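Read through the structure below, which is laid out as structure tokens, and then see the notes.
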2 protein chains.
Amino acid sequence: MVATVLHSRVVNALGSDIVGGRLAVGTALTLEGIQARFDVSRTVAREGMRILEAMHLVTSERRNGIVVQPAESWNVFDRRVIRWRLDSETRPAQLRSLTELRIGIEPFAAHLAAARATEDEKDALRQAAGEMRVFGEAGRLDRYLAADIAFHRTVLRASHNEMYVALIEPVIEAVSERPLHGHSHAYPVPAAMDLHEAVMLAIADGDGAAAESAMLGILSDVRSGIGAALPDGDATAG
Amino acid sequence: MVATVLHSRVVNALGSDIVGGRLAVGTALTLEGIQARFDVSRTVAREGMRILEAMHLVTSERRNGIVVQPAESWNVFDRRVIRWRLDSETRPAQLRSLTELRIGIEPFAAHLAAARATEDEKDALRQAAGEMRVFGEAGRLDRYLAADIAFHRTVLRASHNEMYVALIEPVIEAVSERPLHGHSHAYPVPAAMDLHEAVMLAIADGDGAAAESAMLGILSDVRSGIGAALPDGDATAG
DNA sequence: TCAGGATAAAAGGTAGCACCTTTGACCCCC
DNA sequence: GGGGGTCAAAGGTGCTACCTTTTATCCTGA
């Protein structure tokens, strides 16, 4: 990916360094240092720094320079921050956070979708649920998974709440990761197809409570897969 | 509030104009226009634009200028975006979105908190629940509400999931707004105190399922207060 | 020991230039 | 008359130079 704009190189490199922990919290950079490291002008260094500042990865302090901020202040919903974390050694922690987020929001998203889904969205759900059935029974894992992803994406979109919609990509990231963990339920099982169908039917029916509880059913094995205890340290730390 | 940095004036003015709908989607600004409007140098205009671009409120295109982006691409979890929306005519839509977000995440946050809360956090919950009882019975609405807010803040923090933690301020915004809507349950009622106490005890006990279901109880009247149907147009549009 | 001033580091801000990309108008040729 | 090439303008991108402002630190002197 060729950086069409120069400052994106700076942002990507410094951003992933900070998020990946290679730049310790409290470290002070200077514009001059950035200029030298990336061989760019002051303008580019400043604009890149402004972008990192908007993500709350750094603050700019007179006399001190550009200071790396602790994880608590990061914009953890920024797509780039999520991407950098997924590409770093804290990938497992990021995936666990995303999965927990998914568990939290998908049930009520389904509830809202039952009240608000458009006809097009209901059609998309029917199609996705149908494909899960067909490809699941045919053993086409890749197509099955694609339909699964389309299903969950559509439910969130059909919630017609812009905050849930904004969480589509993060949630899809968590959904997609599942099979790589070797969970038993990663492969198509009839129960999963039934539950997705139940969610779809409840949404088509406008039955919010039923949609919510069926979605809870889908998530139940994801819930059991989450170790509630934190492995080491703290999820918020990395 | 005097803007200590010049570009924040630009960001605030343009950001709230865009979010408030006073700058239509697709409108093209130019750096020169921004310079003239705010009487700032090109550097300041550019840095402000970079910040707005990081929030996905605008994109910068050669020859076209700085183009206002549609709401779907906004960083809706950015504090400034939320603030601007709350200060605009779309405040009710933003509050509804926030309330729905709250309904989604608080139950599972309580579940996680039961597994992860530190002793300090449990103490804070005990204290908050106790104050709700005392000030509720004494009719001290302001103190009651402050304790309520502290309670919900602490539950989210105790989830030790950085994404839930990052949602504290938005959720508190929704919690704080409740009384202004004149809901019957805005004033201290024994049932609310009991439920908060139940959440606190379940978390102290490490009983995730109980914490989650007690939190669902707290949210039940908030749920019934949400009109599932969208009033006019679409929540994602404003 | 501590107050106060001098020093200097580094961001904030201004100005102006060269360059690149895109777009749209214009013109020529078929 | 229409298609394609050419050219100029618009406007962001990037660079340099220079001045201002803030503030951490150090040094001096009471």
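All of these numbers come straight from a predicted model, not from anything done at the bench.
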(message) If we ignore hydrogens and angles and just use 3.5 Å, is the side chain of A:Arg9 paired with the main-chain N or O of A:Phe38 as donor and acceptor?
(response)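 Flag set: sc A:Arg9 to bb A:Phe38 pair under 3.5 Å.
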(request) Using the side-chain contact (heavy atoms from CB on, under 4.5 Å) rule, pick out the option among A:Ile34, A:Leu52, A:Thr59 that qualifies with A:Ile66. (result)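 It is A:Ile34, the one option of A:Ile34, A:Leu52, A:Thr59 that forms the side-chain contact (heavy atoms from CB on, under 4.5 Å) with A:Ile66.
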Let me know the distance between [atom1] of [X] and [atom2] of [N], rounded to the nearest Å.
| X | N | atom1 | atom2 | value |
| --- | --- | --- | --- | --- |
| B:Arg63 | D:dG12 | CZ | C1' | 12 Å |
| B:Gln35 | D:dT13 | CD | P | 13 Å |
| B:Asn64 | D:dA9 | CG | P | 18 Å |
| A:Leu29 | C:dA9 | CG | P | 18 Å |

(request) Classify the nucleic acid contact of B:Ile34 as base, sugar-phosphate or nothing, counting any heavy atom under 4.0 Å across all strands shown. (result) nothing
(message) Show, in sequence, the C-alpha distance, side-chain angles and deciding distance for B:Arg85 and A:Glu162, and conclude whether the salt bridge (charged side-chain N to carboxylate O under 4.0 Å, His left out) test is met.
(response) CA-CA 12 Å; B:Arg85 290 189 66 195; A:Glu162 78 286 354; 2.6 Å; yes
(request) In plain terms, say whether B:Arg143 and B:Glu131 are close enough for a salt bridge, that is, a side-chain N and a carboxylate O under 4.0 Å apart. (result)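 Looking at B:Glu131 together with B:Arg143, the answer is no, because their closest N to O distance does not fall below 4.0 Å.
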(message) Please give me the minimum heavy-atom distance between B:Ala54 and A:Arg80, naming the atom from each residue.
(response) O-NH2, 3.8 Å
(request) Assign a letter to each nucleotide of nucleotides 12-17 of chain C from its 5' end: B, base within under 4.0 Å of a protein heavy atom; S, sugar-phosphate only; -, no contact. (result) BBB---
(message) Tell me which one of A:Glu106, A:Glu169, A:Glu121 satisfies salt bridge (charged side-chain N to carboxylate O under 4.0 Å, His left out) with A:Arg153.
(response)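 Running salt bridge (charged side-chain N to carboxylate O under 4.0 Å, His left out) over A:Glu106, A:Glu169, A:Glu121 with A:Arg153 returns exactly one hit, A:Glu169.
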